[in-house]
Structures are given as structure tokens and as C-alpha cells.
Amino acid sequence: MVTTTGRIRRVIGNWKLHGNRVENAERLAALKEAGPWQAEVAVCVPFPYIPEVALALQGSRIAWGAQDCSAHESGAYTGEVAAPMLAEFGCRYVIVGHSERRALHGETDQQVADKAKRALAHHLTPIVCVGETLAERDAGQTDEVVKRQLSAVIHTLGHCISQVVVAYEPVWAIGTGRTATPEQAQAVHARLRRQLQAATEKADLISLLYGGSVKPDNAAALFAQPDIDGGLIGGASLKAAEFAAICRAAA
């Protein structure tokens, strides 16, 4: 769905480290049955399941993607998965810079930017995640943190920044049951939009997603904000009925 602003509404599920072959098949079947939706819908799944998910979703209106990719094309990088490998299996999206990757694997802003660049080189749409911790928010550093994180990507991609999706995910609201109010989320999204406007004439066409304990009961209020174009959904994406309800709310 393209809104009156010209931006695409998107709802992207992030399964994180969850799933098995039986559960995945049941979840995907239920999602296909519940759709289609007016928003563009996708699921980003663990690497081993990408081939089966691709097969299950082939011919449907649900896209698929990965939760990370290497900044390298190929080489002696044990355990890494390269963007061209993901492209071979029809992935449309790849998440880069998720807060869990930054916190648990020490990913830097520049590494995230390099991953986004590599993804674009293979016609994948990177979902670039930015967001602050609770300590950073309490210290009044939200603007500084998200600006720094996005600046690295803008600097690295140049005019290609218009081809990414940006997801604001306050770390303090991920998996905690807490969520930013629609007004809090909109305030950060508006700042991100202004930063993008300074970098590209196409900033108003870039989808900005909110990620942080989005549920069916708060999705509509979040998605009604002028600079929130959908969501990057974690826990709720594992429950087909909840995820479908969030997808409906994006309309």
C-alpha cells in the first residue's frame, strides 16, 4: 500500500532465534490464509529456514528476508552469510544493525553501514535499525544516538540512502512489554525524517518503521502518526493471529 505521502506501508516480522520446521509451516500457512493486506508484509527468519520459507511463500504476497548479512562479499569469514547468498534464495529484505547485534556482537555504526551497502549491491532492501538504550534516553541522548547511527549509513551510502528502510527501535522497549507512546515514537521518527531530508531529495519516500513491543492493541495508534509507516515486529510476529492484526492496522 502506498499512502498519500507516496511511501509504502510495511510490516516486517523478525522471528529472531525462534522456530522449527513444523511451527514455521503452521505459522506461514496461517499467515497466507489471513492475508492479503494493504500493507507490504514480510518475515525475516533464521538463516537455515530461508529455503523452506521461500518455497512456502512463493506465489504469495508475503515477502521474506534475513536478520543479518556479512559486510563481505566472500572469503575466509567462518560463520558469516553473504548478501549474494541471500539473494539466491529470493530474499527481499535483510535487517542490519538490530540492537541485539550491536549489543551482543559489538557491531559498530560503520559495520552496520557497510552491511547496508553490501545488501544494496545485491538488490536487497536493508532495514537499518537505530535506537537508544534506557540510560541514553534518561540522559537526554536520544537525538544524539540515533543521529550518529543514521549518519554513518548516510555517509556510506550517499544518494543510495533513499533505497533503504529505517526502523527506530528504542532498546528499552524491545521484549520488555514497554513501548514508546505514539507521540514519543513520532518525535524520533520526525527527527530521522529531517535528517534524511538533509541527505536526499527522496527522503519523503523512505519508509520509517517503529519497532518496540508493537501489539495489536497499540499498532493502529502508532501507525496513525505522520512519520510512522509501519512496524518491525518481534514477538508478535511469532503468533499468526497477532501479526495479521498488526498487518491490518497498517492500512
Between atom [atom1] of [X] and atom [atom2] of [Y], what is the distance when rounded to the nearest 0.5 Å?
{"X": "R7", "Y": "L205", "atom1": "CZ", "atom2": "CG", "result": "8.0 Å"}
{"X": "H105", "Y": "E100", "atom1": "NE2", "atom2": "CD", "result": "9.0 Å"}
{"X": "H159", "Y": "L157", "atom1": "NE2", "atom2": "CG", "result": "9.5 Å"}
{"X": "L28", "Y": "N24", "atom1": "CG", "atom2": "CG", "result": "6.5 Å"}
{"X": "K215", "Y": "L222", "atom1": "NZ", "atom2": "CG", "result": "12.0 Å"}
{"X": "L31", "Y": "R61", "atom1": "CG", "atom2": "CZ", "result": "14.0 Å"}

Donor-acceptor pair, [X] side chain versus [Y] backbone, under 3.5 Å?
{"X": "R193", "Y": "A203", "answer": "yes"}
{"X": "S207", "Y": "I8", "answer": "yes"}
{"X": "N14", "Y": "G234", "answer": "no"}
{"X": "Q149", "Y": "C129", "answer": "no"}
{"X": "Y77", "Y": "S70", "answer": "no"}
{"X": "W64", "Y": "A56", "answer": "no"}
{"X": "R118", "Y": "A71", "answer": "yes"}
{"X": "R101", "Y": "V96", "answer": "no"}

Is there side-chain contact between [X] and [Y], with at least one heavy-atom pair below 4.5 Å?
{"X": "Q163", "Y": "K202", "result": "no"}
{"X": "W37", "Y": "V11", "result": "no"}
{"X": "R137", "Y": "Q184", "result": "yes"}
{"X": "D204", "Y": "Q197", "result": "yes"}
{"X": "K147", "Y": "Q195", "result": "yes"}
{"X": "L124", "Y": "C69", "result": "no"}
{"X": "Q186", "Y": "Y210", "result": "no"}
{"X": "L150", "Y": "L196", "result": "yes"}

Looking at [X], I want to see if its [atom1] is surrounded by more than 12 non-hydrogen atoms of other residues, nucleotides or ligands under 6.0 Å.
{"X": "L17", "atom1": "CG", "answer": "no"}
{"X": "E201", "atom1": "CD", "answer": "no"}
{"X": "R148", "atom1": "CZ", "answer": "yes"}

Consider only side-chain heavy atoms of I, L, V, M, F, W and Y, link residues closer than 4.5 Å, and tell whether [X] and [Y] are in one cluster.
{"X": "V130", "Y": "W172", "result": "no"}
{"X": "Y49", "Y": "L86", "result": "yes"}
{"X": "F47", "Y": "V53", "result": "yes"}
{"X": "L192", "Y": "V171", "result": "no"}
{"X": "I206", "Y": "V153", "result": "yes"}

Indicate the atoms forming the closest heavy-atom contact of [X] with [Y], along with that distance.
{"X": "A236", "Y": "V214", "answer": "CB-O, 3.7 Å"}
{"X": "N218", "Y": "S213", "answer": "ND2-O, 3.2 Å"}
{"X": "A119", "Y": "A83", "answer": "CA-CB, 4.1 Å"}
{"X": "A173", "Y": "A180", "answer": "CB-N, 4.3 Å"}
{"X": "E73", "Y": "A82", "answer": "O-CB, 3.4 Å"}
{"X": "G13", "Y": "S237", "answer": "CA-CB, 3.6 Å"}

(request) Take R27 and F243, measure what side chain to side chain contact (heavy atoms under 4.5 Å, CB included) needs, and give me the verdict at the end. (result) CA-CA 10 Å; R27 185 180 302 126; F243 189 58; over 6 Å; no
(message) Go through it in stages, so that I can follow the logic: the residues are H155 and Q110, the test is side-chain hydrogen bond (donor to acceptor under 3.5 Å, both in side chains), and I'd like the CA-CA distance, side-chain angles, deciding distance and then a yes or no.
(response) CA-CA 9 Å; H155 177 75; Q110 188 57 53; over 6 Å; no
(message) Which residue is it: K16, R102, K115? I am looking for the one with a salt bridge (charged side-chain N to carboxylate O under 4.0 Å, His left out) to D68.
(response) K115
(message) If the threshold is 4.0 Å, N to carboxylate O, is there a salt bridge linking D227 and R194?
(response) no
(request) Considering only Ile, Leu, Val, Met, Phe, Trp and Tyr, and joining two whenever side-chain heavy atoms are under 4.5 Å apart, list the other residues clustered with I12. (result) Y93, I95, I127, V165, L209, L232
(message) Between R92 and E40, is the side chain to side chain contact (heavy atoms under 4.5 Å, CB included) condition met? List the steps.
(response) CA-CA 11 Å; R92 185 179 303 172; E40 183 165 303; 3.3 Å; yes
(request) Please say which of E169, Q67, E107 ends up in a side-chain hydrogen bond (donor to acceptor under 3.5 Å, both in side chains) with H98. (result) E169
(message) Can you classify the ring geometry of H189 versus Y168 as parallel (below 30°), tilted (30 to 60°) or perpendicular (above 60°)?
(response) perpendicular
